[in-house]
Structures are given as C-alpha cells and as structure tokens.
2 protein chains.
Amino acid sequence: MLSSAVSSSLLILHKPLARVIRFPIPKLPLSPNPRPLSSLSPAASALTPNAVGAGGRAGALSPAPITEDLQKIDVNPPKGTRDFPPEDMRLRNWLFYHFREVSRLFGFEEVDFPVLESEALYIRKAGEEIRDQLYCFEDRGNRRVALRPELTPSLARLVIQKGKSLSLPVKWFAVGQCWRYERMTRGRRREHYQWNMDIIGVPEVTAEAELISSIVTFFKRLGITTSDVGFKVSSRKVLQEVLRHYSIPEALFGKVCIIIDKIEKIPVDDIKNELKSAGVSEEAIEQLLQVLSIKSLTKLEEILGDAGEAVADLKQLFSLAEKFGYSEWIQFDASIVRGLAYYTGIVFEGFDRGGKLRAICGGGRYDHLLSTFGGDDIPACGFGFGDAVIVELLKEKGLLPELSLQVENIVCALDPGLQGAAATVATILRGKGQSVDLVLENKPLKWVFKRAARINANRLILVGDSEWQRGMVGVKILSSGEQHEIKLDELE
Amino acid sequence: MLSSAVSSSLLILHKPLARVIRFPIPKLPLSPNPRPLSSLSPAASALTPNAVGAGGRAGALSPAPITEDLQKIDVNPPKGTRDFPPEDMRLRNWLFYHFREVSRLFGFEEVDFPVLESEALYIRKAGEEIRDQLYCFEDRGNRRVALRPELTPSLARLVIQKGKSLSLPVKWFAVGQCWRYERMTRGRRREHYQWNMDIIGVPEVTAEAELISSIVTFFKRLGITTSDVGFKVSSRKVLQEVLRHYSIPEALFGKVCIIIDKIEKIPVDDIKNELKSAGVSEEAIEQLLQVLSIKSLTKLEEILGDAGEAVADLKQLFSLAEKFGYSEWIQFDASIVRGLAYYTGIVFEGFDRGGKLRAICGGGRYDHLLSTFGGDDIPACGFGFGDAVIVELLKEKGLLPELSLQVENIVCALDPGLQGAAATVATILRGKGQSVDLVLENKPLKWVFKRAARINANRLILVGDSEWQRGMVGVKILSSGEQHEIKLDELE
C-alpha cells in the first residue's frame with residue numbers, strides 16, 4: 001500500500017530525523033506554513049464550546065466537528081417504536097429469559113427468521129386485520145417486502161424449505177420482533193416482540209394440550225395464578241360443522257372466521273351484513289351466532305352431536321388438561337375463533353380475568369398453512385405470546401420484578417499515575433469471572449462511592465501508591481464497611 | 001355478546017335437548033339439510049391429499065384448506081438475509097452469550113433501539129459507503145425510514161434524549177441486527193448482527209484501552225490467540241494535524257477520512273484525484289499519503305513532533321495496553337482511519353493475521369457525534385463487532401464449537417390410553433427443572449430410541465400400564481443402558 005508515494009518527501013516539523021532506517025525520507029521541503037502540526041488554531045477550538053471534559057485533556061484541546069451538516073434530529077424513536085434503555089432492557093431480558101427457559105423445559109429448539117420478509121408471505125385473501133396493517137415497502141430492487149407482522153408464515157416457509165431433512169415432530173420456538181402499521185390509537189405500538197412455540201407433525205390434540213401447558217408453566221413462574229388469567233378454548237371445527245351443514249363452500253371458511261372474530265369490536269348487525277355479503281344465508285348466520293354463544297361443552301355436544309371432530313377434540317383437550325394439571329385454567333367458549341385465517345382446529349387465547357386487557361396470547365391448529373404456500377401439508381399448531389399485554393398485567397398485579405444493575409466490583413486508582421495499575425487489577429478480577437466497573441478517570445472518592453452505590457457493587461478495590469508498591473490493594477466490602485488489604489495474587 | 005341472537009332458535013341435529021337449564025332453546029326448526037354437522041363431504045376431504053397424519057385422526061378426517069389463494073411462494077428468505085434453523089440458532093446464541101458475558105465482566109449495561117429508524121439519522125455528507133448502502137424506504141405515512149445500518153447513531157440519539165438523567169460515564173452494550181443494501185457481490189449479506197460497546201463521558205484514552213481489552217477478552221474466551229488476530233491502531237488526529245498544518249478547513253476532515261479509508265480498495269491515483277476534488281492541495285496529499293504509510297510510533301513522533309495529541313494519545317494507549325496485558329495484540333498503523341465520518345481520535349480495527357478476511361471489528365472515539373444531531377457534545381468511544389467475519393475465522397481455525405440439542409428426558413406412553421399419564425410425568429419433571437421431550441403420539445419403541453438419540457436425552461421414561469397402576473414408571477439411563485422402576489413421587 002502507498003508504495004507509489006513512499007519515495008517522495010516527508011515533512012518533518014519539530015526535529016529532523018537523525019537516523020532513517022529502511023524508510024526513505026529525503027530532505028525536508030520548505031514548509032508552506034511554519035506552525036507545528038500539533039498546534040491548534042483558535043478558530044478550531046472555538047467550534048466545540050459544548051465539549052464535556054472537565055476532568056480530561058480533551059476538554060482543553062479538542063478536535064473540530066467532523067461533519068458539516070449540523071441538524072437537529074428528533075431524539076425520539078420513530079412513532080410506535082421503542083428504545084430499550086438499560087432499565088427497560090433488563091425487563092425485556094428477564095421476560096425473554098422465562099420464554100426461553102419454559103421452551104427449554106418443554107424440549108423446544110430455538111429458531112429465527114428475517115424481520116424483513118417477502119410481502120407475498122402475508123397476502124391472504126380472508127380480510128384479516130393483520131394484512132391491512134402490513135408494514136410493507138418497495139425496496140431499492142423494486143421487490144415488495146414487509147416487516148413481519150407475525151412469525152408463523154416464516155416458520156412455515158422454513159419447514160417447506162427443509163422438507164424431508166426435518167425429523168418430525170418439529171418443536172420450535174422463537175422470540176422475535178413483529179411489526180404492524182396501524183393508526184396509533186388505543187396506545188398500541190407498531191412493534192412488539194412475540195414468543196412463539198410451534199409443533200409441526202402431530203395431528204393429535206396432545207400437541208395443543210402441550211402448548212397450553214407451556215404457557216401455564218410460564219404464568220406460574222411469573223407468579224400469575226388462575227385467579228388472574230385463564231384460557232378460552234374452542235375449535236374452528238365448530239364453525240366448520242355448522243357451515244358444512246348449510247353447504248357453505250369450504251373456501252369461505254377463513255373469511256367467515258375473520259368476520260366472526262370481529263364480533264366484540266363491531267355491532268352484531270354489521271357482522272350479519274358482512275356474513276351476508278360473503279354469501280352466508282340468513283338462516284346459517286343465525287345458527288352461527290347462536291352456536292358462538294355456547295359456553296359449555298355439554299351444550300355444544302347437545303347441539304352438534306357426538307360424532308363430529310369438534311366435540312371429540314375439545315373433550316380430549318379438557319381430559320388432557322386434567323392430566324397436565326391445568327384444568328382450572330381453561331374453559332370452553334365457542335365465541336373464540338382468533339383473527340388469523342389459517343387456523344383449522346382447536347383455537348385458544350389467554351385472557352385477563354379482570355377483563356381490562358386485550359388477549360394475552362393466542363394460538364391454535366393450522367393443518368393447512370403449508371399447502372397454501374405450495375408445500376405438502378403437515379399437521380401443525382402453535383401460539384404467539386406478545387411482550388406488551390403481559391407487562392401491563394404484571395404491573396397491575398404488582399408482579400413486575402425489581403431489576404437493578406449489579407456489578408460485583410468497582411476498581412479505582414487513587415492517583416493518575418496508578419490508572420495502569422487499576423487496569424491490571426481489573427484484568428485479574430475479570431480473568432477470574434468477576435465483573436468490574438473500572439473507574440476510567442481520576443475522580444474524588446465521594447464520586448466513586450456514589451457510583452458504587454448506583455451499580456450495586458459488592459466491593460470497592462482501591463489502588464493506592466504505598467499498597468501497590470507492596471503488591472497489595474485495598475478492598476472494602478460495601479455492605480459491611482469492612483476494609484482490608486489483599487495481596488494482588490490472592491484477589492479472588 | 002350475542003345477546004340479540006340468543007332468544008332465537010338453535011338447531012340441534014343429533015338429539016333433542018332433554019333439559020334446558022338457564023339457556024333458552026326453543027323448538028327445533030326443520031333442518032334445511034338433514035346431514036349431521038359432523039359428516040364430511042367427499043369433495044372436502046379430496047382437497048387435502050397431502051395431509052401428513054398417518055398416525056392420527058386428522059389424516060383420516062381432515063378439514064379443507066382455509067384460504068382460496070394457493071400460490072407457490074419462494075421458500076428462501078429474501079436475498080441477502082438468513083433464516084436461523086436450530087443448528088444456526090445454537091451458534092448465534094453461543095456467540096451472543098460470549099458477547100454478553102464479556103460485556104457483563106466489564107460492567108456494561110445492555111440497551112437496544114428500533115431496527116427501523118428515521119433516515120435522517122444516517123444522512124451524513126461525508127460520502128460514506130454506509131450511506132450509499134442505506135436500506136431505506138418511504139413508509140405508509142410518507143416518512144423516510146431506514147433499517148439501521150449501524151447502532152451508534154441510535155445510541156447517540158438516546159443519550160441526547162436521556163440528557164441529564166444519565167450518570168456519566170455511561171457504559172452500554174448492544175447486540176442488534178444491522179442492514180445494508182448492497183449489490184450481492186463478494187458473498188456479503190444484507191444483514192448482520194453487531195455487538196457494540198460504548199463508553200460515553202470519558203475523554204481519556206483509558207476508555208479506548210478498556211474497549212480493546214474487552215475484545216481481547218472475547219477472543220481469548222473463544223480460543224483465539226495473538227497469532228490468529230491483532231489490532232491495528234491509529235488516531236484520526238494524525239490526519240487532522242497534517243490537514244491543519246496545510247490550513248485545510250476542519251469541515252473537510254470527515255470527507256478526507258472517508259476518501260483515505262478506501263485506499264486499499266481503489267487505485268492510489270483515484271484517491272489522489274478524489275482528495276484534489278475535495279480541495280486538498282497536491283502537497284498536502286503527498287504528505288498525507290506518506291504519513292499514512294508509517295507503521296512505527298517512534299517514526300510518527302519524529303514526523304509530527306511530541307507536542308500534539310495524536311502521539312500523546314497513542315503513547316498512552318500503548319502504555320495502558322501493557323498494563324491491561326494485551327501489548328502483543330496491538331500495533332500502530334497510520335493507514336487505519338475507519339470508514340465512518342464521525343470518528344475524531346483513536347481508531348482501531350481487529351484483523352486476521354492470515355490476511356484473508358475483512359476487518360473483524362472496528363471502533364474509535366467520536367467526541368462530536370452528539371453535536372451533529374443538535375445535542376451537547378460528550379466525549380465518547382465505541383466499537384462494532386459483526387457476527388460474520390468472526391464465524392469465518394473460527395471455522396478456519398477449527399474453533400467452532402460442537403453445539404447439539406440436549407433435552408434431559410424423553411417421556412413416552414407405552415399405550416394410547418396412557419398419553420395423559422405421560423403428560424402427568426412430564427409435568428412433574430418439568431416442575432423440578434428437568435427438560436422433557438414428551439412423545440405426543442403413539443410411536444413404536446424403535447422410533448422413540450431414535451428420537452432419544454437425536455435429542456441427546458440422558459433418560460428415557462416409559463409409562464407402562466402395570467407400573468403406572470403401582471405408581472411407578474420405567475427409567476432407562478441411555479448412556480449405560482441401566483434400567484429401573486422409580487416411584488412417581490421419587491422422580492427427580
């Protein structure tokens with residue numbers, strides 16, 4: 001590099017080179033500007049009046065701004081998105097830790113997918129809310145892309161891609177950020193993180209039972225009880241059996257489910273009109289709406305008979321719930337259909353018994369999603385569990401943990417000349433697995449104690465001249481005030 | 001809900017209701033279609049020829065596809081992006097674990113920012129590669145947004161936003177996905193994850209020394225030695241002192257740095273032309289290029305004199321490196337300037353001594369970034385460490401770990417009627433912190449052993465009828481083949 005330039009002249013300003021070794025430096029040219037390079041023009045230093053640096057050199061002698069475009073930027077994250085400063089990040093990590101721990105207990109493997117996916121993955125014609133809220137763009141290569149609104153389509157895509165190389169059943173979980181572009185009413189954000197667990201390759205209701213068990217396990221770990229939350233469970237097959245009875249085309253099924261899912265948000269007459277426009281007869285509409293009001297499995301069986309899958313699946317699920325030990329957490333509610341077009345069987349959602357919050361989580365069986373992408377169908381079910389409503393619930397129940405920064409040691413040099421010695425001490429402790437906040441500037445002891453308190457340090461290690469010369473450091477246990485000298489090589 | 005519909009008729013198909021309790025169900029209307037709801041039309045079942053479900057009911061009696069739009073989707077993730085199937089996710093988690101552990105040892109707090117930021121955050125006029133490769137869009141609200149190409153501008157934004165509420169120095173780290181839209185040559189991807197550590201509020205070189213120490217700690221944990229990698233270190237102040245000597249306007253500094261950073265990628269004559277167009281005199285260009293070829297701090301001092309900050313900073317850094325114990329990892333190299341416009345002082349990059357790979361990581365001091373966003377400047381430095389080159393390096397050195405799925409137990413019912421019992425056993429074990437892969441279908445034992453091997457289970461728990469009736473389960477230690485019966489309440 002630079003070989004073409006090496007043979008020309010080098011400007012030396014302070015002192016001429018006495019010896020030149022393996023580096024050809026000819027005579028000095030006359031400098032066009034006799035100032036030494038290291039001098040600073042007053043104009044340049046005046047450019048940085050705001051430099052914070054009272055404790056150091058840089059405050060006194062500071063380089064100029066490096067870009068010409070001074071502009072005031074918006075210091076807030078884009079509308080509907082969040083920063084995670086340390087206190088929020090601790091909460092997020094705590095929540096994700098429990099997502100991951102529960103998934104591990106259930107033998108699930110973690111996966112992830114791109115946050116930016118092809119828009120085609122989400123274009124379903126059932127009129128879902130999720131499609132209307134797609135955060136989509138055209139990229140610089142004119143491709144239609146979208147920030148993923150959910151994780152399941154990506155999972156389905158990966159399952160098809162992996163094909164026969166997968167050993168079924170696949171049990172996968174993911175914790176990923178999802179996006180939706182909606183009007184910013186109701187205080188909802190445009191992004192949230194979602195924990196997903198999915199079982200691919202199990203046609204039996206044992207799979208759904210296992211998924212609900214994992215969510216119950218999660219709730220219990222956080223201190224949430226069955227008096228705080230519950231699960232409403234139904235099956236899309238209930239609707240399907242009614243539709244089939246009225247000879248309503250199977251292709252309409254997803255659409256009908258999406259319309260019915262809006263039942264708590266819009267007037268029932270609008271629901272009826274939408275169903276009518278979709279091609280459902282008035283009689284079938286009445287029947288659908290009536291079936292949806294059923295809250296007892298016995299009643300459902302009386303209506304649908306006991307030969308159908310809807311009732312059989314639900315009975316099996318409730319029987320398994322008993323064996324898993326979460327009977328008191330679940331209840332049948334025919335009005336649960338969920339807002340995604342691809343569900344085909346059992347559907348469930350976690351709800352706040354206080355009735356104040358939106359659904360905490362939701363899921364179900366989606367045995368035919370893969371074929372809508374051109375793959376071979378594999379029976380599958382899964383759930384999504386967002387990071388928003390659960391935090392509201394925990395807050396309300398007083399179950400949010402106190403999470404504070406905790407650094408085991410704070411190491412401080414007692415004079416500027418010992419900064420390197422303090423670095424040595426920090427390195428020794430870190431090598432032994434101890435976390436260390438190394439004080440990087442010369443600060444008064446009062447400041448150091450304040451910092452030690454802020455980071456909840458256990459020990460303050462002081463590096464002073466006379467101790468250092470004897471190979472010792474001062475160690476103060478901050479909880480007790482106990483103080484002693486320890487040999488550097490005995491520091492644990 | 002549904003109250004308006006409740007009083008009308010409910011269709012009951014199989015048997016009339018004998019008793020109606022608290023639920024008004026009048027007489028049955030004549031059904032327009034006498035088929036029971038649970039029967040399945042042959043046409044519907046023919047729609048799902050691919051259903052996998054040999055072992056279960058759903059294969060025999062399966063609902064129809066729920067969406068009308070069958071389309072073949074591309075099963076690959078969008079160009080330049082990655083899926084993370086379990087094996088790749090394990091590697092990513094392993095790498096991130098070490099990022100986080102090192103950050104913890106150094107007392108840093110984790111933060112994060114939105115992956116989608118306002119484009120304005122990245123519009124700097126210095127001609128950086130990173131700006132040309134901005135993954136930017138117009139959103140549905142006509143806002144210019146970009147997938148973040150780096151984390152530092154978001155961090156600066158958050159620091160300004162938090163203002164006086166922050167206790168300086170701030171020591172933050174983040175592990176986040178970054179995006180760049182570039183032509184897909186050289187096998188580079190459009191997204192990568194980046195580990196960042198930043199120190200805000202320390203003007204002294206101790207901060208840079210601490211950052212390099214953390215990266216060295218990271219390398220050592222992974223088994224990487226100083227014969228594999230090293231750090232090239234310089235200071236932007238070297239260039240600055242030369243430019244100042246030639247009275248080149250301070251505002252040109254960022255631009256000059258960006259041009260010079262391309263020195264290994266484009267011919268030196270093109271560099272010279274670009275510098276000339278930027279307004280740098282030929283004499284200054286020659287001088288710049290010569291200074292850049294210096295690889296010894298002694299030589300630099302001979303050229304620049306000993307009064308300037310460049311030499312003083314670098315000398316202090318090398319002295320601290322000795323105290324931190326990583327002298328043999330770093331070397332002075334004036335050609336290092338880094339490709340981001342905002343660096344102002346020490347800059348460094350980690351490089352592969354084999355010379356095959358791109359920079360492994362890079363960072364430096366950026367004391368004036370905050371004022372370019374309209375905030376008050378605070379001295380700051382940091383680094384970015386990507387997840388791509390390090391994995392190539394580990395692969396090449398044979399240092400990639402063997403990471404396999406490990407589930408402690410596999411629990412299996414020996415007959416269909418014991419599926420619930422197996423669920424009970426799984427719940428007990430999970431309650432004791434043991435991970436369990438519960439076999440959710442009836443499978444031959446041969447299949448179960450194969451699965452146990454695939455998930456590296458320690459124990460196989462068999463739930464058989466005669467043992468279960470005695471409150472026992474069969475436990476097989478898979479490594480030894482040892483087998484015994486254990487009482488359910490003694491299972492650990």
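Just so it is clear: chains get the letters A, B, ... in the order the sequence lines come, proteins before strands, and each one is counted from 1.
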**Q** Name the member of A:S118, A:C257, A:G325, A:S167 that forms the most heavy-atom pairs with chain B at distances under 4.5 Å.
**A**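 Going by pairs under 4.5 Å, I would pick A:S167.
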
**Q** Between OG1 of A:T427 and NZ of B:K323, what distance do you get to the nearest 0.5 Å?
**A**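 Nearest 0.5 Å value for the OG1-NZ distance: 11.5 Å.
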
**Q** Could you grab the distance from atom CD of A:E204 to atom CG of B:L440, nearest 0.5 Å is fine?
**A**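 Between A:E204 CD and B:L440 CG, I get 8.5 Å after rounding to 0.5 Å.
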
**Q** Only pairs of heavy atoms separated by less than 4.5 Å count here; which of B:V436, B:I199, B:T217 has the most with chain A?
**A**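 Option with the greatest count: B:V436.
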
**Q** Between atom CG of B:L158 and atom CG of A:N76, what is the distance when rounded to the nearest 0.5 Å?
**A** 10.0 Å

**Q** Among the options A:A310, A:P169, A:S319, A:A207, pick out the one with the most heavy-atom pairs lying under 4.5 Å from chain B.
**A**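 The residue among A:A310, A:P169, A:S319, A:A207 with the greatest pair count is A:P169.
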
**Q** Please identify, among B:V407, B:V115, B:I455, B:L405, the residue contributing the most non-hydrogen atom pairs under 4.5 Å to chain A.
**A** B:L405

**Q** For B:S435, is it the side chain, the backbone, both, or neither that has a heavy atom closer than 4.5 Å to a heavy atom of chain A?
**A**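 Both backbone and side chain of B:S435 come within 4.5 Å of chain A.
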
**Q** From B:E117 CD over to A:D74 CG, what is the distance, rounded to the nearest 0.5 angstrom?
**A**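 That separation rounds to 9.5 Å.
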
**Q** Report the residues that fulfil side chain to side chain contact (heavy atoms under 4.5 Å, CB included) with A:P86, sequence neighbours left out, ordered by chain and then residue number.
**A**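 With sequence neighbours excluded, A:P86 shows a side chain to side chain contact (heavy atoms under 4.5 Å, CB included) to A:R90, B:E109, B:V111, B:W172, given in chain and number order.
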
**Q** Using non-hydrogen atoms only, which part of B:E138 is less than 4.5 Å away from chain A: side chain, backbone, both, or neither?
**A**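 B:E138 touches chain A through backbone heavy atoms alone.
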
**Q** Could you have a look at B:R92, B:R140, B:Q161 and say which one has the most heavy-atom pairs with chain A under 4.5 angstrom?
**A** B:R140

**Q** Considering only heavy atoms and a distance below 4.5 Å, find which of B:G141, B:P77, B:G107 pairs most often with chain A.
**A** B:P77

**Q** Less than 4.5 Å to any heavy atom of chain A: does that hold for the side chain of B:N93, its backbone, both, or neither?
**A** side chain

**Q** May I ask you to name which of B:R104, B:E210, B:K162 has the most heavy-atom pairs under 4.5 Å with chain A?
**A**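 Max contact count across the listed options: B:E210.
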
**Q** Just give me the residue among B:R454, B:Q177, B:R451 that pairs up with chain A most often, heavy atom to heavy atom, under 4.5 Å.
**A** B:R451

**Q** Just verifying a value: how many Å separate B:F106 CZ and A:L438 CG, rounded to the nearest 0.5 Å?
**A** 9.0 Å

**Q** Identify which part of A:L320 has an atom lying under 4.5 Å from any heavy atom of chain B, answering side chain, backbone, both or neither.
**A**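 Contact with chain B is through the side chain of A:L320 alone.
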
**Q** Return the set of residues passing side chain to side chain contact (heavy atoms under 4.5 Å, CB included) with A:V145 (not counting sequence neighbours), or none when no residue passes.
**A**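 For A:V145, the residues satisfying side chain to side chain contact (heavy atoms under 4.5 Å, CB included) (neighbours in sequence not counted) are A:L116, A:F137, A:D139, A:R143, B:F137.
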
**Q** To check you understand the geometry: which heavy-atom pair defines the closest contact between B:T206 and A:Q419, and what is its length?
**A** CG2-CG, 3.3 Å

